[in-house]
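Have a look at the structure that comes next, please.
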Amino acid sequence: MFLVTNGRLITRDSENPYFEDGGVVVEGNKIVEVGDDLTLKLKYPNAEIIDAHGNVIMPAFINAHTHIYSALARGLSINGYNPTNFYEVLDGMWWNLDRKLNLEGTRASAYATYIECIKNGVTTIFDHHASYCDIPGSLFEIADVAKELGVRSCLCYEVSDRDGEFKCSQAIKENYDFIKHTITEPDGMLKAMFGMHAPFTLSDKTLEKCVEMNNGMTGFHIHVSEGPNDVEDTWEKYKKRPVERLYDKGILGPKTILGHCIHVNEAEMELIKETDTMVVNNPESNMGNAVGCSPVLDFFKKDILVGLGTDAYTHDMLESLKAALAIQRHNAKMPNVGWCEATDMLFKNNAAIGARYFDEPIGILKAGAAADIIVMEYKPYTPFSDKNIDGHMMFGMNGRNCITTVANGRVLMKDRELIGIDEEKINAEILKASKDLWKKING
Ligand SMILES: [Zn+2]
């Protein structure tokens with residue numbers, strides 16, 4: 001049993017939102033009690049103390065859409081790569097990279113991503129993986145690293161027709177094998193979805209095969225209408241809009257995540273709402289790829305569950321939060337919109353998305369919830385409480401303020417020191433894998 005104490009406590013629980021001098025008691029993988037610091041110290045005198053040093057104690061972050069496979073791209077310059085549209089970004093950069101990513105590279109990418117998550121206070125991720133060089137076993141490699149480093153993960157493999165029938169069937173099988181694995185050997189920290197790339201790289205035959213193989217075991221995780229090319233391609237081939245096509249194939253539903261949904265119309269939003277399908281917004285990535293601004297304000301008006309991801313552009317959820325607000329205001333040309341939507345995506349809706357996959361509540365500090373707790377180094381020089389916490393998050397904090405990370409009751413980082421993780425050794429392995437990968441890419 002331990003007590004995270006000596007800090008301002010933000011719980012994200014509407015019944016007890018804030019304690020000026022707060023603490024969280026943890027037993028095993030769950031929170032036993034949250035409350036006033038002194039009361040808890042008296043009640044649990046034998047609990048080990050984790051000192052927040054007067055900083056902010058709060059729920060750990062959830063990233064609702066990311067890509068482990070892109071971890072080794074940092075600093076990479078590809079000869080001749082100069083994209084002029086979204087398709088060229090995918091083909092020249094990401095497909096080029098993942099076609100050369102072997103199992104060793106996937107493993108190194110998982111280490112790199114998970115360490116970044118821990119340092120940024122992220123303890124749950126929904127990942128969408130692709131490594132077309134070595135497909136079989138890739139999700140199991142990631143799961144192995146997730147288990148070692150202690151980050152809660154919902155994984156899937158990106159099925160696509162882009163590399164031919166054989167690779168496509170391997171990708172389908174990887175999803176199937178991994179989903180079966182999470183069902184037959186249940187682990188509260190590991191879940192699976194059925195991953196698919198995007199409608200424009202998936203034939204009807206492949207979509208049908210995915211639905212048949214999944215057979216209702218889990219939800220789908222797919223990019224939809226990220227660029228206008230997805231809409232044009234679907235219209236040209238099927239005389240439908242992408243969301244309509246997925247609806248007709250039985251892919252929408254409460255356990256399915258649609259990534260991006262930038263170019264969706266009113267009728268498509270109605271289908272998303274009708275089926276209670278989840279949407280994940282990735283604002284920084286969208287701006288970087290110059291694909292447009294997701295109609296997040298409209299999703300909220302329609303009461304669609306929309307969460308916040310990073311698309312691996314960053315692992316810092318507060319960076320993504322800042323971008324989410326800025327792009328909505330910029331797009332609407334109105335400086336008074338988007339505040340509640342941006343903060344609700346990160347703090348409320350990501351927790352709701354997490355609840356559709358994981359057993360214990362996450363994104364909240366209350367008795368019975370999973371012990372996913374972070375300490376953020378932050379000593380405000382303006383008034384601070386639950387009433388204005390989001391303003392402090394938006395303008396005062398970033399992910400690297402995180403000094404202590406606890407996931408499922410396990411202390412992964414304490415006072416900026418990774419616990420039980422040989423970072424230097426892991427970094428050396430990552431560096432070796434990235435050098436090998438870069439050599440293959442640039443020849
Ligand atoms: Zn993505």
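Counting starts at 1 for both ligands and their atoms, in listed order. Predicted model, so just to flag it, every value in this text is computed and none were measured. Computed from heavy atoms alone, side chains included, the values below leave out hydrogens, waters and symmetry copies.
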Could you check which N/O/S atom of Asp311 is closest to the Zn ion (ligand 1)?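 Closest to the Zn ion (ligand 1) among those atoms: OD1.
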For Glu116 and Arg400, what are the C-alpha separation, side-chain angles and deciding distance, and is it a salt bridge (Lys or Arg N to Asp or Glu O under 4.0 Å)? CA-CA 9 Å; Glu116 282 286 315; Arg400 287 302 184 111; 3.1 Å; yes
Looking only at N, O or S atoms in His223, which is nearest to the Zn ion (ligand 1)?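 Atom name of the closest N, O or S in His223: NE2.
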So the angle subtended at the Zn ion (ligand 1) by His65 atom NE2 and His67 atom NE2, rounded to 10 degrees, is 100°
Checking salt bridge (Lys or Arg N to Asp or Glu O under 4.0 Å) for the pair Lys119/Glu423: CA distance, chi angles, key distance, verdict? CA-CA 12 Å; Lys119 288 184 174 178; Glu423 199 182 353; 2.5 Å; yes
Does the plane of the ring in Phe384 sit parallel, tilted or perpendicular to the ring in His392? Use 30° and 60° as the thresholds. tilted
Apply side chain to side chain donor-acceptor pair (under 3.5 Å) to Tyr69 and Ser138, showing your working. CA-CA 10 Å; Tyr69 78 82; Ser138 56; over 6 Å; no
